[in-house]
Structure formats: structure tokens, C-alpha cells
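See below for the structure under consideration.
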Amino acid sequence: MAGDETGRVDSWIWAVRLTKTRSMASSACRAGHVRVNGARVKPAHMVKAGDEVRLRHAGRERVVEVVRVITKRAGPPVAAECYIDNSPPPPPREAFVAVPARPRGAGRPTKRDRRDMEKLSGRPAR
């Protein structure tokens with residue numbers, strides 16, 4: 001069915017390797033994380049060449065333009081030819097804040113430990 005005029009949005013997202021499984025693509029559609037031409041869509045919505053698909057997945061928004069509709073999962077080189085990626089670059093790794101962690105089994109934090117953790121996270125002390 002490669003080269004069809006239209007295809008289901010969840011199947012296309014999976015086929016071009018934007019999600020790992022088709023069920024993840026369907027779940028993203030049902031949760032409202034997929035938009036086609038600015039409108040939230042259901043998994044069975046049909047996409048065609050020229051549509052803009054926005055997908056929020058794995059903490060990142062992907063913005064792609066459909067070049068070719070495929071319904072069978074293809075290899076990475078073939079899948080990359082089926083869309084134009086207009087996504088913003090991912091945030092740098094330094095932008096993530098380190099979460100303070102205590103060793104497992106260390107017990108309940110003391111008042112001093114709690115104050116240190118609050119100071120590290122940037123929250124005002126109580």
C-alpha cells in the first residue's frame with residue numbers, strides 16, 4: 001500500500017518511526033497529543049501529502065510535514081523520505097535540573113537533610 005493517497009494518522013506515525021508501536025501512536029491520538037493542520041484528531045483520521053502533523057511524545061514536540069503516505073513500517077532511510085522534519089531542536093541536556101536523590105534504605109531524612117534538599121532544589125526554606 002505504499003504510495004497511497006491517504007492513510008490513518010496513527011498508522012502513518014508508526015510507519016515513519018515517530019513512535020515505537022502503533023498502539024503508542026493510537027494512545028497519543030486519543031490523549032490529544034496529535035494535531036493535523038492544527039486540529040486534534042482521532043487515530044482513524046486520514047492524512048494526505050502536504051498535511052502538517054504535530055506530535056508531543058517523549059517530552060518533545062515533533063512538527064513534520066507529510067511528503068508520502070505509507071501504511072507499512074519501513075526502514076529508517078525510507079521512513080525519513082516520507083516526511084520533512086520542521087521540529088524545534090531538543091533542549092540541551094544542561095537545561096534539566098538534577099533531582100536530589102537519597103540512597104535506598106537511608107531512612108527518613110533529618111531536618112538538616114530536608115533543608116539541604118530544599119536549598120538544592122531552589123525552594124525557599126520553611
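Throughout, residue positions are numbered sequentially from 1 according to the sequence presented.
Taking CG of Asn37 as the reference point, atom CG of Asp51 lies at 4.5 Å (rounded to 0.5 Å). Atoms CD and CG, from Glu118 and Asp113 in turn, are 11.5 Å apart once rounded to the nearest 0.5 Å. Atom OG1 of Thr19 is separated from atom CG of Leu55 by 7.0 Å, given to the nearest 0.5 angstrom. Rounding to the nearest 0.5 Å gives a distance of 8.5 Å between NE2 of His33 and CZ of Arg40. Ile84 CD1 to Glu52 CD: the interatomic distance, rounded to the nearest 0.5 Å, is 11.5 Å.
Counting heavy atoms from C-beta on, the side chains of Glu61 and Ser87 never come closer than 4.5 Å. Within the 4.5 Å cutoff, side-chain heavy atoms of His57 are placed close to those of Met24. The shortest side-chain heavy-atom distance between Val34 and Val53 falls under the 4.5 Å cut-off. Two residues are said to be in side-chain contact when any heavy atoms from C-beta on lie closer than 4.5 Å; Cys29 and Val9 meet this criterion. Side-chain atoms of Arg8 and Thr71, non-hydrogen and from C-beta on, never get closer than 4.5 Å to each other. Glu65 has its side chain out of reach of Tyr83: every pair of non-hydrogen atoms, C-beta onward, lies at least 4.5 Å apart.
Put simply, the side chain of Trp12 gets close to the backbone of Arg68: a donor and an acceptor are under 3.5 Å apart. In this structure, the side chain of Ser26 does not engage the main chain of Pro43 through any donor-acceptor pair within 3.5 Å. In this structure, Arg17 contributes its side chain and Ala74 its backbone to a donor-acceptor pair below 3.5 Å.
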Given Cys82 and Ile70, is the side chain to side chain contact (heavy atoms under 4.5 Å, CB included) satisfied, shown in steps?
CA-CA 8 Å; Cys82 295; Ile70 58 172; 3.8 Å; yes
Run Arg22 and Asp10 through side chain to side chain contact (heavy atoms under 4.5 Å, CB included) and show every step you take.
CA-CA 6 Å; Arg22 183 165 174 194; Asp10 64 337; 3.5 Å; yes
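Shown here for Val69 and Glu5, the closest heavy-atom pair between the two residues is CG2-O, 3.8 Å. The two atoms that bring Pro88 and Val63 nearest to each other are CD-CG2, 4.5 Å, heavy atoms only.
No single ILVMFWY cluster, assembled from side-chain heavy atoms under 4.5 Å apart, contains both Leu18 and Trp14.
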